[in-house]
Amino acid sequence: MFEKWSRYVHTDWSAFRSGVQSGIARHYFVPVDFSKEGQNILDIEDELSIAFPKDFMEFYRETGFGFLCADDSGKKGHYRVFAPGELLDLYFEPEDEDGEDLYITFRMRAWENLEENHLLAFCTFGDEDSLIYVGVNDGAVYYLSAARKIAESLYDFLALLDEEADYFIK
């Protein structure tokens, strides 16, 4: 389903910066290592009492996680698709209380949208509390809240983003 984006999949992050600088990294994804991340997915589903939306799991299997529109200097923010472990950290504070909490500004809004609207955060956009969500029940993609549906599916979201970065905020 997400074959179109498979050319942007890399085995590690080492080529990310050079790819963006040379203009060949429209998107940049690293495969999900299910031997390491599979338990995180199970933990998220169990702790949040949800099932990952089918398209989102398919995206993880075929593409992975990373950056969307990485080479577009004109975009208004950055798009960062969470790895399963990062998604777990988003919803649950890290156990290391002495460490920096990278998601504190995102956490409250993510929980609110999950509980009230059945939206699962999967991507940051810009800074502060700007998250992009996938509907747990409908698989549609939303920006900030259920009031801002920006695509009927994850596939449609990626296709629209390929045509024009930031299409949903113009």
Side-chain angles (χ1 to χ4, degrees), residues 1-16 19 25-70 77-97 99-145 150-151 153-158 161:
M1 173 181 222
F2 295 100
E3 303 87 21
K4 177 178 177 180
W5 292 275
S6 65
R7 65 184 167 164
Y8 303 111
V9 176
H10 304 276
T11 56
D12 60 47
W13 292 108
S14 63
F16 177 67
R26 174 77 177 139
H27 310 294
Y28 197 96
F29 304 111
V30 174
V32 172
D33 181 347
F34 283 93
S35 68
K36 294 178 182 176
E37 295 280 10
Q39 188 59 50
N40 288 329
I41 292 170
L42 294 174
D43 289 347
I44 292 166
E45 289 182 326
D46 183 52
E47 294 293 324
L48 299 180
S49 299
I50 63 163
F52 266 77
K54 182 182 173 188
D55 284 358
F56 188 36
M57 279 303 297
E58 191 77 17
F59 183 77
Y60 268 166
R61 279 189 209 96
E62 292 182 24
T63 309
F65 62 95
F67 293 91
L68 299 163
C69 303
H78 67 277
Y79 296 88
R80 174 73 163 90
V81 177
F82 293 111
E86 293 169 326
L87 195 56
L88 188 62
D89 287 346
L90 172 66
Y91 283 96
F92 301 99
E93 292 182 50
E95 292 181 20
D96 179 13
E97 294 181 21
E100 182 182 358
D101 185 352
L102 301 175
Y103 299 118
I104 196 163
T105 59
F106 295 99
R107 188 170 288 111
M108 190 169 89
R109 175 134 355 246
W111 270 106
E112 179 182 293
N113 273 306
L114 181 65
E115 291 173 344
E116 294 178 12
N117 304 308
H118 304 287
L119 301 179
L120 178 67
F122 77 94
C123 183
T124 61
F125 172 73
D127 297 317
E128 298 173 17
D129 63 354
S130 297
L131 292 169
I132 298 175
Y133 300 86
V134 61
V136 173
N137 298 327
D138 65 1
V141 176
Y142 298 84
Y143 176 55
L144 299 178
S145 72
I150 59 174
S153 69
L154 183 55
Y155 182 90
D156 290 346
F157 169 69
L158 294 171
L161 207 60

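All values derive from a computational prediction rather than experimental measurement. Starting from 1, each residue takes its place in the sequence as its number.
Rounding to the nearest 0.5 angstrom, the gap separating the CD1 atom in I50 from the CG atom in L120 is 4.5 Å. Rounded to the nearest 0.5 angstrom, W111 CH2 and L90 CG are separated by 9.5 Å. To the nearest 0.5 Å, atoms CG (L88) and CD1 (I41) are separated by 10.5 Å. Note that CZ of R109 and CG of L114 are 14.0 Å apart. Values are rounded to the nearest 0.5 Å. One finds the CZ atom of R107 at 11.0 Å from the CG atom of L131 (value rounded to the nearest 0.5 Å). The line from CZ of R7 to OG1 of T63 is 12.0 Å long, rounded to the nearest 0.5 Å.
Shortest non-hydrogen contact noted between P84 and I44 is O-CD1, 3.4 Å. Between S145 and N113, the shortest heavy-atom contact is CA-OD1, 3.6 Å. The two residues L161 and C69 have their closest heavy-atom pair at CG-SG, 3.6 Å.
L154 is listed as a side-chain neighbour of F122, based on a closest heavy-atom distance under 4.5 Å. Between D89 and F82 there is no side-chain heavy-atom pair separated by less than 4.5 Å. With a 4.5 Å cut-off on side-chain heavy atoms, S130 and Y143 count as touching.
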_side chain to side chain contact (heavy atoms under 4.5 Å, CB included) between L68 and Y8, intermediate numbers included_ = CA-CA 10 Å; L68 299 163; Y8 303 111; over 6 Å; no
*Check against side chain to side chain contact (heavy atoms under 4.5 Å, CB included), F157 and I132*: CA-CA 10 Å; F157 169 69; I132 298 175; 3.8 Å; yes
*asked:* For R80 and C123: C-alpha separation, side-chain torsions, deciding distance, then whether side chain to side chain contact (heavy atoms under 4.5 Å, CB included) applies.
replied: CA-CA 5 Å; R80 174 73 163 90; C123 183; 5.5 Å; no
*Yes or no on side chain to side chain contact (heavy atoms under 4.5 Å, CB included) for F65 and L87, after CA distance, side-chain angles and deciding distance?*
CA-CA 11 Å; F65 62 95; L87 195 56; over 6 Å; no
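The closest donor-acceptor contact from the side chain of Q39 to the backbone of E37 lies at 3.5 Å or more, if one exists at all. A donor-acceptor pair under 3.5 Å links the side-chain atoms of D138 to the main chain of A140, judged by distance alone. Under a 3.5 Å cut-off, the side chain of H10 and the backbone N or O of V30 do not form any donor-acceptor pair.
Residue pairs meeting the salt bridge (charged side-chain N to carboxylate O under 4.0 Å, His left out) criterion with at least one partner in residues 47-64, sequence neighbours excluded, are E58-R61.
Annotation: Y79 is in aromatic contact with F125 [ring centroid separation under 6.0 Å].
In this structure, W5 and F2 have tilted ring planes: the angle between them lies in the 30° to 60° band. F59 and F29 have perpendicular rings, their planes meeting at more than 60° on a 0 to 90° scale where under 30° would count as parallel.
In this structure, Y60 has no side chain to side chain donor-acceptor pair (under 3.5 Å) partners at least two apart in sequence or on a different chain. Scored by the side chain to side chain donor-acceptor pair (under 3.5 Å) test, D33 finds S35 as partners (sequence neighbours excluded).
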